[in-house]
Amino acid sequence: MVEPEERPSVAGQRLGAPESMGISTLEPGQRPPTMPPGRQVSIRVQMLDDTQEVFEVSQRAPGKVLFDLVCAHLNLIEGDYFGLEFQDQHKMTVWLDLLKPILKQLRRPKNTILRFVVKFFPPDHTQLLEELTRYLFALQIKHDLACGDLTCNESSAALLVSHIVQSEIGDFEEVQCKQHLLNNKYIPEQDALMDKIIEYHQKHVGQTPAESDYQLLEIARRLEMYGVRLHPAKDREGTKLSLAVAHSGVLVFQGHTKINAFNWSKIRKLSFKRKRFLIKLRPDLNSNCQDTLEFMMGSRDCCKVFWKICVEYHAFFRLFEEPKPKPKPVLFTRGSSFRFRYITCALKVVLNELKWCLHHHQKLNLPLSETFYPGPVSRSPQHSESPSAGQVMVNGQKQSLSLGQSPDGRQPSPLTSPLLTDAGFVRTDDEDEVRRKRFPADKAYFIAKELLTTERTYLKDLEVITSFQKSVGKDEAMPDSLRNLIFANFEPVYKFHETFLKDVDQRLAQWEGRSNAHIKGDYQRVGDVMLKNIQGLKLLTAHLQKHSEALLELEQTCHSSRRLEGLCRDFELQKVCYLPLNIFFLRPLHRLMHYKQILERLCKHYPPTHDDFRDSRAALADISEMVVQLHGTLIKMENFQKLLELKKDLTGVDNLAIPGREFIRLGCLSRLSGKGLQQRMFFLFNDVLMYTSRGMTASNQFKMHGQLPLYGMTICESEDEWGVPHSFTLFGQRQSVVVAASSASEMEKWLEDIKMAIELADKCNDSSAEILSSSFTDSKSPEESSADQESEDDLSASRTSLERQTPHRGNTTVHVCWHRNTSVSMVDFSVALENQLSGNLLRKFKNSNGWQKLWVVFTNFSLFFYKTHQDEFPLASLPLLGYSITIPSESENIHKDYVFKLHFKSHVYYFRSESEYTFERWMEVIRSTTCSSSHIRSLSRKEPHVY
C-alpha cells in the first residue's frame with residue numbers, strides 16, 4: 001500500500017499540505033476503512049497532474065477503499081467532487097462504483113489505468129472550501145482545454161491559458177513566457193493565439209497561483225461546455241445529438257451547441273429501455289412539449305451508464321437525505337440494480353459548514369434558491385482560520401470581498417462576470433442615491449446618453465458584418481466582386497462610427513465631470529457633436545446606398561452556391577450573430593432613423609434661445625435630408641429582408657422572394673376542418689395567403705399545407721354560421737377556408753389586412769396563378785392540399801419543439817407567434833426596427849429580493865441581456881410578443897422609482913431604470929412591440945420591388 005508520507009504530490013508540494021491524512025467524506029476525524037483480508041493487487045491511478053501512482057488493495061476491497069486511499073495520498077478533504085473513471089471491456093468510459101468490489105469491475109486490473117478526475121461540477125467554485133480542491137479543479141480545466149472538451153471562443157481560450165501560464169511561471173517576462181508556450185500545448189490552436197495570450201499574461205502581474213486558479217475557474221464556469229461530458233444519441237427522426245447532465249438537470253447538445261435543457265424540477269421520471277433513454281416531464285399547461293421525450297443511444301450499456309450518472313448528479317445536487325426504497329419509484333424507474341448508495345454530499349457540506357461557523361461564533365449564511373448547491377455563499381482562494389463572512393486573506397492582509405469581485409480587489413472583466421442569476425451585483429438604496437447625485441438632471445443629458453448607449457450597440461452590430469467579411473470572405477466560395485462590395489462599403493462606415501462613438505463618449509464624460517474639463521458648462525450639450533458627425537456621415541451616402549446592393553448580391557450568390565449558403569448559415573449560428581444575418585446589413589439605414597428621432601426629441605426639449613438649439617436643428621435638417629433620400633431603399637430592403645427570413649422558416653416553397661411580392665402579416669389562426677379546429681400559421685402577402693403547420697424537420701420549419709390567391713377572394717364573418725368565436729370565411733376562386741382568431745382584436749387585424757390585400761390584388765387585375773404555381777414545390781392540386789391529410793407525427797410536431805430545437809430557427813418571430821398564438825404585421829416589424837434602445841437596467845424576478853444590473857438591448861421584438869456593454873454576445877433573450885407592460889401595483893411591494901413590469905401568463909419580470917426619461921423611453925419602445933400597430937402602411941403597386 002502506498003503511504004502518503006513517502007511522496008507528497010505536486011499539489012501537496014505547492015500548497016504545503018499537512019502530514020495528516022484527509023478523507024473524501026468531509027467528516028474530520030475519520031480514517032479510511034480497514035483493508036479487507038486477502039491477497040493484494042496493484043492498481044495504477046493517473047492523477048490530474050498526469051503523474052501515476054500505484055496503490056495496493058485487497059482483492060475483496062470495494063471501490064471506496066481505493067478512492068479513499070487516493071484522497072489520503074493527496075491530503076484531500078473535499079473528495080466528494082471527484083471520482084475514478086476507467087475504460088471497461090467495451091471501451092466505454094465508466095465510473096468506478098464505490099460499493100462494488102474492485103475486481104468485479106476491473107477485468108484486467110494490471111492492464112487498466114484509472115483516472116482521478118472531477119466528477120461533479122458545482123455552478124459556483126466559491127463553494128469549494130479548500131485551495132487544494134480549487135487547484136485540482138484548475139488542473140481539470142487545463143486538461144479539458146488541451147483535449148478540446150472545453151470549447152470556447154478565441155478570447156476566452158487565450159484568457160484561460162494566460163491564467164494557467166501565470167499560475168505556472170509567475171509574472172510576465174517575454175522570453176520566458178514565449179518559451180513556455182512553445183514547450184507546452186494548452187489548447188489545440190495555441191500558435192494562432194500566442195500574441196493574445198501574451199497580451200493577457202502581461203495584465204496578471206502580482207497574481208498568485210491561488211488567485212490565478214480562482215480567475216481560471218471564474219471564467220470556465222460560465223462556458224457552455226463547462227463540466228459537460230457528451231453521450232452520443234439520436235432523436236426520433238435520427239438527428240445526431242448528444243446528452244449530458246449538469247447540476248441543473250439534463251442537457252441536449254447538437255455538436256457543441258446546447259439546444260435544450262430539462263431542469264430537475266421539470267423532470268418526473270428518468271428511465272431506459274434497451275437502447276431508448278426516456279425523460280418523462282411534469283405536466284405544464286403553458287408548454288407545448290410532449291410528456292415523454294425519447295432518445296436512442298448506441299446500446300443498452302450506453303443508456304445505463306448515462307442513466308446512472310444522472311441519478312448520481314441528482315442525488316449530489318438535489319437530495320438532502322438518502323431516499324428509502326419504494327416498490328414503485330416516482331422519479332427513477334427500475335431497470336438497474338443501481339440505487340442511491342450515499343448520503344448526499346450536500347447534507348455533509350451543510351453540517352461541516354455549521355460546525356465551522358459554530359466554532360468561530362459566526363452566523364450561518366446559506367444561499368436560498370430553487371436548487372440547493374452545497375457550500376458557503378462565498379469563499380476566497382486564500383482564507384485564514386477565522387475570516388469574517390465578507391473578508392478574505394490576500395497577500396497576508398485581510399480585505400473585503402464584494403459579490404462578483406475577485407480576490408485581487410479588481411472588478412471582473414466582462415469574461416469573468418456572473419451569469420444572469422439573482423445572486424450577483426445587488427444594488428443598495430444608498431448606491432442609488434449616490435448615483436442620482438452624481439449624474440446631471442437635465443433631460444438633454446439623458447437624451448445624449450441614449451445616443452451613447454445605442455451607438456455602442458450599433459457599433460457592435462457593424463462588427464458582426466466586419467467579422468462576417470473576415471471569416472467568410474476568406475473562402476473562395478465568395479466571389480471577389482461580393483467580397484469587395486462588402487468591404488469597400490461597410491469598412492468606411494465602421495471606421496467613421498468608431499470615431500463618432502469616441503466623440504460622444506468623451507462629451508458625456510465631460511458632461512458628467514469625469515474629465516479634466518475646466519469649464520463644465522461649455523460641455524453640457526451634444527448638438528455640436530451631432531452636427532459635426534452627421535455632416536461627415538453625409539459624405540458616406542454613396543456607401544450607404546451600396547449596402548442594399550450588397551445584400552441583394554449576397555442572396556443571389558448564396559442561391560447559386562451551396563457552399564457559400566452553408567458558410568452563411570454556419571456564421572448565423574454563432575452567438576455573436578444574435579439576429580438574422582441580413583438584418584445587420586440594414587442597420588446603417590435604420591440608424592439614420594434613430595439619429596432623426598434623437599434630434600427631434602432634443603429640439604423639442606430645447607428652447608430656441610438655448611446655446612445648443614441651433615446646432616441640434618441644423619443636424620436635424622441634415623439627417624432628415626438623408627432619411628428622405630434613402631427611405632425608399634429602406635422600405636424595399638426591409639420587405640426583401642423579411643421575405644428572406646421567412647423563406648428559412650418555410651418548407652415547400654421554392655422561391656418566396658419573387659418580384660413584386662410584399663409581406664403584410666403573419667400569425668396564428670385556427671382552421672376549421674373535419675377534425676375540428678387545428679392551429680395553423682398563416683402568411684399574408686399582397687398576392688396570396690399561405691397556411692402551414694409545424695413540420696417534422698430538424699430545423700423546426702413550417703410545412704406548407706395550402707395557398708389561397710387573393711385575386712377575386714371575398715371574406716365574411718361566420719361566427720353565427722359555425723358557432724365558433726371570432727371566425728370568418730375566406731372564399732377563393734377554387735376553395736373556401738373557415739378560420740378563427742384567438743381574440744376579437746386579432747380578428748379585426750386580420751380582417752383589415754386581408755381586405756386591404758384583396759383590394760391591392762384586384763387592382764393588379766392578375767390572378768397570379770402562374771406565380772403561385774411556380775413558387776410551390778408541392779405538385780398537389782388545391783383540392784388535395786385543402787384535404788390537409790396529416791400523420792400523427794405532424795400533429796405531435798405541432799405540440800413540441802423541445803427535442804428538435806436548433807439554434808436560431810427555434811426562436812424566430814414565426815415560432816414565437818406560434819407558441820403565443822398571436823400575429824405581427826410588416827408595420828410592426830418596421831416600428832420594432834426603428835424603435836431600438838440600449839442601456840443599463842436593474843432586473844428583478846417575481847420571487848427574488850435583489851436587483852441585478854444588466855446591459856439590455858431592445859430590438860426585433862426581443863430584449864437581449866448582457867452583463868456589460870463590452871460583451872460579445874447576449875447571455876439570454878426574452879421575446880416580448882404576447883407580453884404586457886404595466887406599472888407595478890402597491891400590492892406587489894416594489895417601492896422603487898421608475899419600475900415597469902413585463903408579464904405573460906405566470907412569467908413576471910420587473911425592470912428599473914435610472915431616470916424618469918429612460919423609464920418613459922423603455923415604456924415607449926416596448927409598448928411599440930407589445931401593442932400592435934393599428935394603422936396599415938399603404939403598399940403601392942405602382943413601384944414594384946426589384947430584386
Side-chain angles (χ1 to χ4, degrees), residues 458-459 461-469 472-473 478-497 537-561 564-565 568 571-572 577 579-596 623-648 655-663 685-686 826-827 829-834 836 859-860 937 939-947:
Y458 172 55
L459 196 65
D461 288 348
L462 288 179
E463 287 176 0
V464 175
I465 297 296
T466 57
S467 175
F468 169 77
Q469 197 275 334
V472 179
M478 180 176 283
D480 291 339
S481 58
L482 178 57
R483 184 185 299 110
N484 296 334
L485 184 62
I486 295 175
F487 180 81
N489 292 290
F490 277 93
E491 192 69 18
V493 175
Y494 175 74
K495 294 295 184 184
F496 170 81
H497 284 282
L537 188 59
K538 288 180 70 176
L539 302 177
L540 299 175
T541 302
H543 293 295
L544 298 177
Q545 291 173 330
K546 289 285 187 178
H547 290 177
S548 59
E549 184 180 331
L551 178 57
L552 291 171
E553 186 169 337
L554 177 62
E555 170 60 20
Q556 292 169 356
T557 309
C558 287
H559 188 70
S560 59
S561 171
L564 182 59
E565 183 182 18
C568 292
F571 180 83
E572 200 170 31
C577 194
L579 295 172
L581 176 61
N582 47 39
I583 286 183
F584 293 101
F585 280 82
L586 302 184
R587 277 294 191 246
L589 297 180
H590 290 140
R591 190 58 178 157
L592 300 181
M593 301 292 295
H594 304 159
Y595 292 147
K596 182 173 181 288
I623 199 66
S624 298
E625 180 183 341
M626 293 184 67
V627 168
V628 170
Q629 184 178 357
L630 296 169
H631 186 66
T633 300
L634 175 60
I635 296 299
K636 293 178 181 179
M637 297 316 299
E638 279 184 346
N639 179 74
F640 181 54
Q641 181 274 323
K642 181 51 58 182
L643 293 176
L644 296 180
E645 185 179 343
L646 293 179
K647 186 174 72 171
K648 297 176 183 178
N655 187 9
L656 193 68
I658 61 175
R661 175 166 288 164
E662 297 175 0
F663 166 70
F685 303 93
N686 62 340
M826 188 62 204
V827 176
F829 280 107
S830 297
V831 170
L833 290 171
E834 293 169 5
Q836 298 180 45
T859 185
N860 206 38
R937 174 188 295 165
L939 298 176
S940 174
R941 296 280 299 183
K942 296 180 180 178
E943 297 179 3
H945 299 172
V946 180
Y947 303 130

TODO: Determine, step by step, whether His590 and Glu638 satisfy the side chain to side chain contact (heavy atoms under 4.5 Å, CB included) criterion, reporting the C-alpha distance in whole Å, the side-chain angles of both residues, the deciding distance to 0.1 Å, and the verdict.
DONE: CA-CA 10 Å; His590 290 140; Glu638 279 184 346; 3.0 Å; yes
Task: Heavy-atom pair of closest approach, residues Glu491 and Thr466 - done: OE1-CG2, 3.8 Å
- [ ] Provide the closest heavy-atom pair for Phe571 versus Val464 in the form atom of the first, atom of the second, distance.
- [x] CZ-O, 3.5 Å
Open item on the list: For a quick test of reading the model, state the closest non-hydrogen atom pair linking Ala657 to Leu644 and the distance between them.
Closed with: CB-CD2, 4.4 Å
Task: Closest heavy-atom pair and its distance - Leu564, Cys558 - done: CG-SG, 4.0 Å
Open item on the list: When you compare the side chains of Ser481 and Glu553, does any donor N or O come within less than 3.5 Å of an acceptor on the partner?
Closed with: yes
TODO: Would you sort out whether Ile465 and Arg587 count as a side chain to side chain contact (heavy atoms under 4.5 Å, CB included), showing the intermediate values?
DONE: CA-CA 10 Å; Ile465 297 296; Arg587 277 294 191 246; over 6 Å; no
Open item on the list: Rounded to the nearest 0.5 Å, what separates atom CD1 in Ile486 from atom CZ in Phe468?
Closed with: 5.0 Å
TODO: State, with a plain yes or no, whether a side-chain heavy atom of His547 is found less than 4.5 Å away from one of Val493.
DONE: yes
Open item on the list: If I take atom CG from residue Leu630 and atom CE from residue Met593, how far apart are they, to the nearest 0.5 angstrom?
Closed with: 11.0 Å
Open item on the list: Test side chain to side chain contact (heavy atoms under 4.5 Å, CB included) on Leu646 and Phe685; report intermediate values, then the result.
Closed with: CA-CA 12 Å; Leu646 293 179; Phe685 303 93; 4.2 Å; yes
Open item on the list: Between Asp461 (side chain only) and Pro588 (backbone N and O only), is there a donor and an acceptor less than 3.5 Å apart?
Closed with: no
TODO: Can you see which heavy atom on Leu579 is nearest to which on Ile583, and at what distance?
DONE: CD1-CG2, 4.1 Å
- [ ] Working to the nearest 0.5 Å, report the span between NZ of Lys636 and CD of Glu662.
- [x] 10.0 Å
- [ ] Find out whether Glu549 and Asn489 are in side-chain contact, i.e. whether some heavy atom of one side chain is under 4.5 Å from a heavy atom of the other.
- [x] no
TODO: Kindly indicate whether the side chain of Gln469, heavy atoms from C-beta on, has any atom under 4.5 Å from the side chain of Phe490.
DONE: no
Task: side-chain contact (heavy atoms from CB on, under 4.5 Å) partner of Phe663, the single match among Gln641, Glu645, Met826 - done: Met826
Open item on the list: Working note: Leu462 + Arg591, criterion side chain to side chain contact (heavy atoms under 4.5 Å, CB included); need CA distance, chi angles, decisive distance, verdict.
Closed with: CA-CA 11 Å; Leu462 288 179; Arg591 190 58 178 157; over 6 Å; no
Task: Leu537 CG to Tyr595 OH distance, which is reported to the nearest 0.5 Å - done: 6.5 Å
Open item on the list: Main chain of Met478, side chain of Arg483: is a donor-acceptor contact present, judged purely on distance under 3.5 Å?
Closed with: yes
Open item on the list: Please check this pair: side chain of Arg661 against backbone of Leu656, looking for a donor-acceptor N/O pair closer than 3.5 Å.
Closed with: yes
- [ ] First locate atom NE2 of His594, then atom CG of Leu589, and finally report the distance between them rounded to the nearest 0.5 Å.
- [x] 10.5 Å
Open item on the list: Below 30° counts as parallel, above 60° as perpendicular, anything between as tilted: where do the rings of Tyr458 and His497 land?
Closed with: perpendicular
- [ ] Please report the closest heavy-atom contact between Glu572 and Pro580, naming both atoms and the distance.
- [x] OE2-CA, 3.1 Å
- [ ] Measure the spacing between CG of Leu459 and CD of Glu463 and express it to the nearest 0.5 Å.
- [x] 5.0 Å
